[in-house]
Amino acid sequence: MPELPEVETIKRGLQNELINKTIERVQIKTPTLIKMPRINEFLSKLQNSQIINVKRRGKYIIININIDYQLIIHLGMSGRLEFHPNSEKENLTKKYEKHEKHNHLYFFFEDGSELIYNDVRKFGKLWLLRKKKNLSRIETLGYEPLSEEFTLHRFSKLLKNSTKNIKKVLMDQKKIAGIGNIYANEILFQSRIHPLRKANLLSKNEVKLLFMNIQKILLEAIELKGTTMVDESYIDLEGNKGRYGEVIKVYGKKNSICPVCGQPLEIIRIENRSTFVCPNCQK
DNA sequence: AAAGTAACCTGCCCGC
DNA sequence: TGCGGGCAGGTTACTT
């Protein structure tokens, strides 16, 4: 589910709510989601620890704890975090009632608030690791597309070195971290580039356009707090929907026409993912 | 070496 | 109304 803008929105929420909070107790209902360390160690390390800050890398949330450990969360397709402030607990319980059976992990804080990890499909994962010993998967992530290290020059070099189709490259977390199926579709449509074009054969202008659209679209989506499709499988910490879905141009638009030229949109499968293309606009 | 497929899971939608 | 197939924001492992 969540791509960079959704994960960033959740991270900002956690940053607002969790800093300096002390974890009183952790309750685990689905131990298989915790990849490291063993459950007992996971529980005992977190108990009475204090949250220092919350960061994001690609689609990973990184919660730094005062004991030289960090809690790393990947939400997979359907993972959510819910924050329940002490005072509103009853209202919120009602609000989330129908999803309750997919609550897998509870963090209870000293002040009575709680954080819940909920995940229908259970593709999400959590790790508690020493800060120095970074998760290898995070170490191999590619450029953070909204950081200064992500320059046109580097992006262009990266594309030159790949003969794969451009959609695959945009979604390759080892090259650029955080772009998933929704935003890859939108970025390519707005850049008028067909997703099956070979990355190394794009023109200089196309590369520049792509580069600018990656940042423009991700920033707009963060501004609107991510994308919630009709099924509501993404909501933020407070249970609010993202509004980027209201301005989405092609993703999920089955039986629709191109908003630019009016031709019917095509749906093709690339890497087993639905890909929405205007055959007239995207060359 | 790129590209395709299946697997991990549950729920929902669509057509028959 | 019910059943089966296909599909869903991700990632990894295996095959062609």
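Small disclaimer: the values here were computed from a predicted structure and weren't measured. A, B, ... follow the sequence lines: proteins, then strands. Residue 1 opens every chain.
The side chain to side chain donor-acceptor pair (under 3.5 Å) pairs that include a residue from residues 248-257 of chain A number zero, where partners must be two or more places apart or lie in different chains. Sorted by first and then second residue, the pairs that involve residues 270-282 of chain A and meet side chain to side chain donor-acceptor pair (under 3.5 Å), not counting sequence neighbours, are A:K167-A:T275, A:K168-A:E271, A:R269-A:S274. For residues 177-196 of chain A, no pair satisfies salt bridge (charged side-chain N to carboxylate O under 4.0 Å, His left out), with sequence neighbours left out. Within the structure, salt bridge (charged side-chain N to carboxylate O under 4.0 Å, His left out) pairs that include any residue of residues 174-184 of chain A comprise A:D172-A:K175 (at least two apart or interchain).
Between the CD1 atom of A:I73 and the C1' atom of C:dT11 there is a distance of 17 Å, rounded to whole Å. Taking atom CG of residue A:L201 and atom P of nucleotide B:dA2, one finds them 13 Å apart after rounding to whole Å. With rounding to whole Å, A:K59 atom NZ is found 10 Å from C:dT12 atom P. What separates CG of A:L75 from P of C:dT11 is a distance of 10 Å, to the nearest Å. Rounded to an integer number of Å, the gap from A:I138 CD1 to C:dT12 P is 11 Å. Rounded to an integer number of Å, the gap from A:E3 CD to C:dG9 C1' is 5 Å. Across the protein-nucleic acid pair, A:K253 atom NZ and C:dG9 atom C1' stand 16 Å apart, rounded to whole Å. Put simply, CG on A:N118 is 14 Å from C1' on B:dC9, counting in whole angstrom units.
With 3.5 Å as the limit, one finds a donor-acceptor pair spanning the side chains of A:D111 and A:S113. A donor-acceptor pair shorter than 3.5 Å can be found between the side chains of A:S78 and A:D119.
Within residues 270-279 of chain A, the residues approached by DNA chain B to less than 4.0 Å at the level of any non-hydrogen atom are A:E271, A:N272, in residue-number order. Of the residues in residues 165-181 of chain A, those with a non-hydrogen atom less than 4.0 angstrom from any atom of DNA chain C are A:Q173, A:G180, A:N181.
Applying the side-chain contact (heavy atoms from CB on, under 4.5 Å) rule to A:T32 yields the partners A:T30; only residues at least two apart in sequence or on another chain are considered. For A:K160, the side-chain contact (heavy atoms from CB on, under 4.5 Å) partners are A:S156, not counting sequence neighbours. Here A:R154 pairs with nothing under the salt bridge (charged side-chain N to carboxylate O under 4.0 Å, His left out) rule; sequence neighbours left out. Every residue was checked against the salt bridge (charged side-chain N to carboxylate O under 4.0 Å, His left out) condition with A:E17, not counting sequence neighbours, and none meets it.
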(request) Just do the ring-ring contact (aromatic ring centres under 6.0 Å, His included) check on A:Y234 and A:Y244 with the steps written out, would you? (result) CA-CA 12 Å; A:Y234 159 74; A:Y244 192 75; over 10 Å; no
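We find that the ring of A:F123 and the base of C:dT11 do not stack by the test of centres under 5.5 angstrom and planes tilted less than 30°.
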Protein N or O to nucleotides 10-12 of chain B N or O, pairs below 3.5 Å:
unit_1, atom_1, unit_2, atom_2, d
B:dT10, OP1, A:K122, NZ, 3.2
B:dG11, OP1, A:K101, NZ, 3.0
B:dG11, OP1, A:H102, NE2, 3.1

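Using P as the reference atom, C:dT11 and B:dG11 are 22 Å apart when rounded to the nearest Å. Taking the P atom of each, C:dG6 and B:dT5 are spaced 13 Å apart, rounded to whole Å. Distance noted for atom P between B:dC9 and C:dG2: 27 Å (whole Å). Comparing C:dT1 with B:dT10, their P atoms sit 26 Å apart, to the nearest whole Å. Separation of the P atoms belonging to C:dG5 and B:dA6 is 14 Å when rounded to the nearest angstrom.
Aromatic ring centroids of A:F83 and A:F107 lie 6.0 Å or more apart. Within the 6.0 Å centre-distance limit, the rings of A:F150 and A:F155 are counted as a close aromatic pair. In this structure, the ring of A:Y117 has its center no less than 6.0 angstrom from the ring center of A:Y106.
Here the side chain of A:I182 is nearest to one of B:dA2, B:dA3, C:dG9, namely C:dG9. Side-chain proximity of A:M77 to the nucleotides C:dG10, C:dC7, B:dA2 is greatest for C:dG10. Of all nucleotides listed (B:dA2, B:dC8, C:dA8), C:dA8 comes nearest to the side chain of A:Y251.
Along DNA chain B, the nucleotide nearest A:K254 and the nucleotide nearest A:N161 are compared for position; the residue whose nucleotide lies closer to the 5' end is A:N161.
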(request) Go ahead and write out DNA chain C as dot-bracket, 5' to 3': ( ) for pairs within the strand, [ ] for ones crossing earlier pairs, | when the partner sits on another strand, dots for unpaired; Watson-Crick or G-U wobble, both distances under 3.5 Å. (result) .|||||||.|||||||
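Regarding contacts with the backbone of B:dA2, a side-chain N or O of A:T163 is found under 4.0 angstrom from either OP1 or OP2. For A:K125 and B:dC9, the shortest distance from a side-chain N or O to OP1 or OP2 is not below 4.0 Å. For C:dG9, neither phosphate oxygen OP1 nor OP2 lies less than 4.0 angstrom from any side-chain nitrogen or oxygen of A:Y183.
Of the options A:K55, A:Q70, A:Q50, a side chain to side chain donor-acceptor pair (under 3.5 Å) to A:N64 is made by A:Q70 and by none of the others.
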